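Have a look at this one.
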Amino acid sequence: MPFVEKTDKYSKGFFDEVLKNLVTPAAVNAGFRVETARREGSDVIHSTIVNDLLEADLVIADLTDHNPKCLFELGLRMASEKPIT
């Protein structure tokens, strides 16, 4: 999911609220531990993020803003033929 609102389309903190109030409660209620791909200090997709995508039991992809990095990460996960929501 995007972590920063890059336009005025969404108010500041929108994606944090989605994570905190929608994604996390639903995932925890389903018995999953929630982690994000957010890594401070870089916009580059690091190998640790790719490894996390490939090793996770489930990946929830928020494509709200059609963020190219999110689409790329979703494609990696789809190629692994593992669960996505």
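Just so you know, these numbers come straight off a predicted model, no measurement behind them.
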Q: Determine which pairs satisfy side chain to side chain donor-acceptor pair (under 3.5 Å) with at least one residue from residues 53-65, sequence neighbours left out, and list them in order.
A: D62-T64
**Q.** Joint cluster assignment, L71 & V23, ILVMFWY side-chain distance < 4.5 Å
**A.** no
Q: Using the rule that two of Ile, Leu, Val, Met, Phe, Trp, Tyr join whenever any of their side-chain heavy atoms come within less than 4.5 Å, decide whether F32 and V28 are in one cluster.
A: yes
Q: Return the minimal non-hydrogen interatomic distance between L54 and L76, and the atom names on each side.
A: CD2-O, 3.9 Å
May I have the list of side-chain donor-acceptor pairs in residues 8-21 shorter than 3.5 Å, sequence neighbours left out?
{"from": "E17", "atom 1": "OE1", "to": "N21", "atom 2": "ND2", "distance (Å)": "2.5"}
{"from": "N21", "atom 1": "ND2", "to": "E17", "atom 2": "O", "distance (Å)": "3.4"}

Q: Name all pairs fulfilling the salt bridge (Lys or Arg N to Asp or Glu O under 4.0 Å) condition that reach into residues 75-85, sequence neighbours left out, sorted by first residue then second.
A: none
Q. In the single-linkage hydrophobic clustering (I, L, V, M, F, W, Y; side-chain heavy atoms under 4.5 Å), do L22 and L63 co-cluster?
A. no
**Q.** Partners passing side-chain hydrogen bond (donor to acceptor under 3.5 Å, both in side chains) against S80 (at least two apart in sequence or in another chain)
**A.** none
Q.
Out of the candidates N67, I49, D52, only one should pair with E73 under the side chain to side chain contact (heavy atoms under 4.5 Å, CB included) rule; please name it.
A. I49
